[in-house]
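Every heavy atom of this structure was used, including side-chain atoms; hydrogens, water molecules and symmetry mates were not.
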Amino acid sequence: MCAIILRAIKQALTEGASVLQISHFAEAYRLRYDCVPALNPFLSDNYLAVSAPRSVPSQTPAKKRRRGL
């Protein structure tokens, strides 16, 4: 989830926005998971009905996991 937050902030800064909006989160989610609007929880009227992606990218790179970090 941190990746989505960071991408949303980056999107807002790139646009020159002074306020972080839900549209920034929706775009960040779309870019991260390459999904259609109906499967984007930031755009869905019933976000609880939207399933999490089946293949969620690892939050910790494999190299760091092997070293125990």
Worksheet item: What residues, two or more places apart in sequence or in another chain, satisfy salt bridge (charged side-chain N to carboxylate O under 4.0 Å, His left out) together with R30?
Response: E27
Practice prompt. Apply side-chain contact (heavy atoms from CB on, under 4.5 Å) to S23 and list each qualifying residue two or more places apart in sequence or on a separate chain.
Written response: Q21
Worksheet item: What distance separates L39 CG from Y29 OH, expressed to the nearest 0.5 Å?
Response: 8.0 Å
Worksheet item: Can you name the side-chain contact (heavy atoms from CB on, under 4.5 Å) partners of I9, sequence neighbours left out?
Response: I5, L13, L20
Worksheet, complete the sentence: Partner of H24 under side chain to side chain donor-acceptor pair (under 3.5 Å), picked from R7, Q11, E15, is E15
Fill in: Nearest heavy-atom neighbours spanning A28 and A8
CB-N, 3.6 Å
Discussion item. Please say yes or no: joined through hydrophobic side-chain contacts below 4.5 Å, possibly via intermediate residues, are L6 and I22 part of one cluster?
Written reply: no
Item to complete: Indicate, with yes or no, if Y33 and F42 share a hydrophobic cluster defined by side-chain heavy-atom contacts under 4.5 Å among Ile, Leu, Val, Met, Phe, Trp and Tyr.
Response: yes
Worksheet item: For D34, does the CG atom have more than 12 heavy-atom neighbours from other residues, nucleotides or ligands under 6.0 Å away?
Response: no
Worksheet item: Taking all non-hydrogen atoms of both residues, which atom of A26 and which atom of N40 are closest, and how far apart?
Response: O-ND2, 2.9 Å
